[in-house]
*Asks:* 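After the C-alpha cells below, expect a handful of questions from me.
Counting convention: from 1, in listed order, for ligands and their atoms alike. Quick caveat: nothing in here was measured; it's all calculated off a predicted structure.
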Amino acid sequence: MTESAIAVASDHAGFDLKEILKRDLQTAGHEVLDLGTGSTESVDYPDFGKAMAEAIASGRAERGVLVCGTGIGISIAANRNPNVRAAVVHDATSARLAREHNDANVVAFGQRLIGVEVAREALQVFLKTGWDGGRHVRRVEKLSKGCQR
Ligand code: RB5
C-alpha cells in the first residue's frame with residue numbers, strides 16, 4: 001500500500017523548525033509535500049494554514065505539520081476547513097492525546113515556544129499513534145458536522 005504524503009507548511013516564524021521536521025520526515029522515508037514558506041521573509045500565516053487545509057481536503061496529503069511562532073494562528077486558519085482537525089501540541093503527551101482523543105490529522109507547533117528536540121519527538125509520537133475511537137467517535141463527528149452553522 002502506498003502511504004499518502006505528509007504536508008508541511010509554516011510562516012516565516014516557523015520556517016526553521018519546519019525545515020528540521022521536513023528533513024526528519026524525509027529521512028524516515030515519508031513522501032513530503034512542502035507548501036511553503038520558503039524562507040524567513042515575512043509572510044501571512046493564514047495563507048499557509050489555508051494551503052494546508054486544501055491539501056488535506058483534496059486528499060493530496062493525509063497528515064500535516066504546521067509551524068508558526070506559536071502554532072496558534074496557523075492552526076486557527078487550517079481549522080476553518082471542516083476536513084481539518086489541527087492541534088497545537090507542546091510535547092509528546094499532547095501529541096499522543098491529540099491523536100487518541102481528537103483524531104487530529106494536522107499537528108501544529110510554535111517555533112518560538114517549543115524546543116527542537118521536544119518538537120521532533122512529539123511529531124514521531126503524533127505519526128505513530130492511532131485514534132482510540134469508541135467514546136470519541138460521536139464527538140469527533142460533531143467537530144466536522146455539528147460545529148457548522
Ligand atoms: C508572526 O510574527 C506570528 O504572529 C505568527 O507566526 C504566529 O505566531 C501567529 O499566531
Side-chain angles (χ1 to χ4, degrees), residues 4-28 30-132 136 139-149:
S4 86
I6 299 174
V8 299
S10 74
D11 71 355
H12 56 287
F15 173 73
D16 291 335
L17 181 58
K18 187 256 288 179
E19 290 297 302
I20 290 168
L21 298 177
K22 179 174 78 173
R23 272 196 301 275
D24 280 355
L25 292 169
Q26 289 168 334
T27 300
H30 296 287
E31 181 189 343
V32 177
L33 179 64
D34 189 344
L35 303 171
T37 190
S39 75
T40 55
E41 185 179 337
S42 185
V43 291
D44 297 335
Y45 60 79
D47 298 336
F48 297 90
K50 183 178 180 206
M52 175 62 72
E54 289 171 353
I56 295 288
S58 69
R60 283 194 299 143
E62 184 180 15
R63 295 282 173 88
V65 180
L66 292 172
V67 193
C68 68
T70 60
I72 296 170
I74 201 164
S75 62
I76 290 173
N79 277 322
R80 298 284 169 154
N81 186 309
N83 294 285
V84 173
R85 291 178 301 281
V88 183
V89 312
H90 305 286
D91 50 30
T93 303
S94 48
R96 176 176 59 78
L97 289 168
R99 289 290 308 128
E100 289 179 348
H101 287 206
N102 312 114
D103 196 20
N105 52 7
V106 174
V107 63
F109 296 105
Q111 181 182 301
R112 292 172 177 164
L113 304 178
I114 194 168
V116 171
E117 294 306 318
V118 175
R120 295 176 76 198
E121 180 190 19
L123 178 55
Q124 296 308 312
V125 170
F126 184 83
L127 293 175
K128 78 175 187 200
T129 303
W131 183 36
D132 277 355
H136 304 294
R139 297 162 186 168
V140 169
E141 282 176 355
K142 284 185 177 181
L143 289 176
S144 48
K145 293 182 188 152
C147 296
Q148 306 306 303
R149 282 174 197 266

*Asks:* State whether the side chain of Arg63 and the backbone N or O of Ala5 hold a donor-acceptor pair below 3.5 Å, judged by distance alone.
*Replies:* no

*Asks:* Look only at the side chain of Asn105 and the backbone of Asn83, and say whether a donor-acceptor pair between them is shorter than 3.5 Å.
*Replies:*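 At least one qualifying donor-acceptor pair exists.
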
*Asks:* Between the main-chain N or O of Asp16 and the side-chain N or O of Gln111, is there a donor-acceptor pair closer than 3.5 Å?
*Replies:* yes

*Asks:* Side-chain contact, heavy-atom cut-off 4.5 Å: Val125 with Val89?
*Replies:* no

*Asks:* Hey, which residues fall under 4.0 Å of ligand 1 on heavy atoms?
*Replies:* Asp11, His12, Ala13, Tyr45, Cys68, Gly69, Thr70, Gly73, Arg112

*Asks:* Please tabulate, one pair per line, all N/O donor-acceptor pairs under 3.5 Å involving side-chain atoms of residues 49-59, not counting sequence neighbours.
*Replies:*
unit_1 : atom_1 : unit_2 : atom_2 : d
Ser58  : OG     : Glu54  : O      : 2.9
Ser58  : OG     : Ala55  : O      : 3.2
Ser58  : OG     : Arg60  : N      : 3.3

*Asks:* Answer yes or no: is there a donor N or O on one side and an acceptor on the other, between the side chain of Asp44 and the main chain of Pro46, under 3.5 Å?
*Replies:*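 It does not hold such a pair.
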
